[in-house]
Amino acid sequence: MSSPASGSTDSRSFDLLDERIRRWIWREGWTELRDAQERAVPALIDADRDVIIAAATAAGKTEAAFLPILSNLLRDEPCSGSVLYISPLKALINDQWSRLDDLCEALEIPVTGWHGDVSSGRKQRFLKKPAGVLLITPESLEAMFVTRGSSLAATFGALRYVVVDELHAFIGSERGMQLQSLMQRVERVCARVVPRVGLSATLGDMRLAAEFLRPRAAQNVHIIESGSAGQELKILIKGYVEKPPRVHFEPDIENPGLEDVVPGSTVEVANHMYKALRGSNNLIFPNSRRQVELYADLLRRACERDGYPNEFWPHHGSLSKELREQTEQALKAGDRPASAVCTTTLELGIDIGAVKSVVQVGAPPSVASLRQRLGRSGRRKGEAAILRCYCVEAELHSDADLSDRLRESLVQSVAMVNLLLRGWFEPPRASGMHPSTLVQQVLSIVAERGGATASELWDTLVASGPFGAIDKATFAAILRSLGAKDLLVQEAGGLLLHGVAGERLVNHYEFYASFTTDDEFRIIAGAKVLGSLPVSRPLTAGQGIVFGGQRWRVQEVDAGKKTVYVKPDQGGVPPVFDGGGSLVHDEVRREMFNVLNDGQPVVFVDATGRELLEEARRFFASNELASRAVFTHGGSTILATWSGDWINDALVVLLRAEGLDAWNQGPTVSVRTSGADSVKDALQRIAALTPAQTRDALRAIGNIDNEKWDWTLPDDVKRSAYASLRLDMPGAQALASRLAAGWP
DNA sequence: GACCTGCTGCGGGGTG
């Protein structure tokens, strides 16, 4: 399509599009179809296969999917076919609605946005004439099944495609299982296969993505991968040493007794940021909402101090919609410089325009997330993407923690950047059982069909649905458990209906979401409430934890009351680690080992960072950590595992079940014990445990209710589900075996 | 030692 304006074209894909769409392309002044668009047209236009389109953020994925899809709809006049577009965010639906509506108005194809903020009038209009494009969230689609199950065959009768946007955001989560189940149920209602289309910017493992989009027939998914053209990347990691507090705030009302102060190094980081970023658009990612507020405040005050209008705006999940939109507007407007200080809220594809640089404060939560964040920078042609990282490390003293000695935050940042440069990132963990979401789908199908038999449920959800990891005995145990809790009752003929409790839960709007907002545990010491925090890592009585900058020992976990009782614990100052609480992958820890074992300077680290890195390397060398996996430090036996948190957490659970006081310290697992030999014996026993015995070890975990419907499950099912998501038991046993065999 | 996402039906009252 060298010159579409003249009507001559050398693009076969362009010729395949409906004439009215070709005219729209001319009017828009496009001179060519982008690579992904060119390839998507022939794959999609006949609605005869599943397709994944993976391309860089600005590569026009929406048009790549919709130009051929709308051409297909235009084969009938008036338009009678429909498309289901499913998005993880309401904000994305609103964005896409404005983009599509402009195009579709001229084509006389209706576009309907359908989510919680859309009026029921608009929804009714679609139901009366269910044609065109329906933009919807998984939760609203779930609601359609529950509240209008009997009329869905008519609603989706003319469905031609199911499009899933931001596919990567669904894989491996409860919401992803729900989405897979809903796609399956849509096809059941239509009584035929409907082509599925997945859109994503960052899908590392295409096989995994295809398996998610079309379980059991992934090999037939047509994959369109359009790589970004070797964009230049500029990286700088700056190191800082923690300085004593400089600015004091009022004590935190929520957490009485915990002094709230800003370390001098934070002020130093904010000042450097201010000088480097003022005058351009940037995204700044500290790792918590609290840090977001702190930096946004320091940066705003710096603007005030110098008499400039404010350029720094906070954005996170606890802020009101209005305040978030204010920040998004400031970034999008483009009339004056604006930077957002934000959490993962600005990671997904909401349109905020191009930014000059991306700033990471503390170690990134994952390489995948770092990559996604970086994709927001350097989106104009010829512009480099810029990444700045700030790492604050502790001032060392005689009883400094291992994490501080190894400069964990800095070394992890270097390791993650190395992996990013090599093109590696964490594959999604798609192996979770998610029986909680199975429960939701069971209750939902019973509502949709006005009752269902156990074998119908098995057939839809397990045999041909997404819950293939659940065996028949477990499925039966789950149904019995739902019966015992009065969520289901069985009629004489075998039909399952809602019990009284089930009826009540399904008929409330909270039912539609598969996930729950984080349950926070209250932390109580004696008579004093220290505060509360979400606890996703395994918690057992006797374990040591860090909270509010102090060390505590868990006395009791009361899962029912969502309370953890603790008492103060001796054992030095807690480490300064600002990497957030996310789980670190095995590959990242291996690369951290390599970074410490390597003598070469790291080119993208500044002078202070280099000194800190050299300190860590000297500690690594003097303890011979390159060849030794076991050593003692500060009265503890240290197991240098260099494993990810799924293995380390599992090893801790197993060691604690052996009666040892173990805890996960990141690159290492520490065991407080008088005799190292007792650790070796325990490791040998752990290596020899049967699967049933490792399941026994799970019994000590107090905070086992993890997902929304876990409370309805048999105890052993939810413990297995917990382990399938958060622990690598076989990996921990293999590690135990290696450690015992190489014992010094 | 963390972050994020989502939500119906109906009644009551006001406005056009």
Side-chain angles (χ1 to χ4, degrees), chain A residues 86-93 114-121 123-124 136-148 165-166 168-170 172-176 178-179 182 285-292 315-319 321 324 342-350 361-366 368-369 372-373 401 403 408-409 412 440 444 447 505-518 520 523 531-539 543-552 574-584 645 648-649 663-666 708:
Chain A
I86 306 173
S87 154
L89 298 177
K90 289 188 289 189
L92 209 53
I93 287 178
W114 184 311
H115 58 66
D117 301 343
V118 173
S119 74
S120 61
K123 294 173 182 171
Q124 288 302 329
I136 198 167
T137 59
E139 288 73 19
S140 282
L141 186 55
E142 186 76 61
M144 288 180 97
F145 274 100
V146 172
T147 61
R148 34 189 123 243
D165 205 352
E166 304 279 2
H168 65 278
F170 287 108
S173 72
E174 293 150 280
R175 242 183 149 193
Q178 178 187 26
L179 172 63
L182 289 170
F285 291 96
N287 289 327
S288 66
R289 286 175 293 207
R290 193 186 154 92
Q291 292 283 97
V292 163
H315 196 282
H316 60 75
S318 305
L319 288 177
K321 196 176 159 195
R324 284 156 73 162
C342 56
T343 57
T344 52
T345 43
L346 288 183
E347 242 179 58
L348 277 188
I350 307 170
V361 187
S366 67
S369 154
Q372 187 80 20
R373 292 172 180 186
D401 197 278
S403 166
E408 187 182 355
S409 178
Q412 188 174 312
Q440 182 209 30
S444 176
L505 289 165
V506 174
N507 289 329
H508 190 273
Y509 62 82
E510 277 184 6
F511 176 78
Y512 308 127
S514 60
F515 58 90
T516 173
T517 32
D518 272 344
E520 299 212 323
I523 312 290
S532 61
L533 81 168
V535 193
S536 56
R537 307 289 283 273
L539 216 51
Q543 188 179 354
I545 62 167
V546 171
F547 184 71
Q550 292 181 61
R551 287 179 190 266
W552 308 89
V576 176
F577 181 65
D578 49 6
S582 59
L583 301 176
V584 175
D645 284 320
N648 281 355
D649 281 346
W663 69 102
N664 180 359
Q665 279 204 301
K708 189 171 181 178

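Just so it is clear, the values below take in all heavy atoms, side chains as well, and ignore hydrogens, waters and symmetry mates. Labels below follow one simple rule: chain letters A, B, ... track the order of the sequence lines, proteins then strands, and each chain is numbered from 1.
Summarising the geometry, the separation between CH2 on W552(A) and P on dG1(B) is reported as 11 Å, rounded to the nearest angstrom.
Evaluation of the side-chain contact (heavy atoms from CB on, under 4.5 Å) rule for A91(A) yields I350(A) as partners, not counting sequence neighbours. For H315(A), the side-chain hydrogen bond (donor to acceptor under 3.5 Å, both in side chains) criterion is met by E328(A), T345(A), not counting sequence neighbours. The side-chain contact (heavy atoms from CB on, under 4.5 Å) test applied to I545(A) returns L539(A), W552(A), V554(A), V566(A), not counting sequence neighbours. Every side-chain hydrogen bond (donor to acceptor under 3.5 Å, both in side chains) that S369(A) has, sequence neighbours left out, goes to E347(A), R373(A). The ring-ring contact (aromatic ring centres under 6.0 Å, His included) check on F515(A) picks up nothing, with sequence neighbours excluded.
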TODO: Treat primed atoms plus P, OP1 and OP2 as sugar-phosphate and everything else as base, then score nucleotides 2-11 of chain B 5' to 3': B for base contact with protein heavy atoms under 4.0 Å, S for sugar-phosphate contact only, - for none.
DONE: BSSBBBBS--
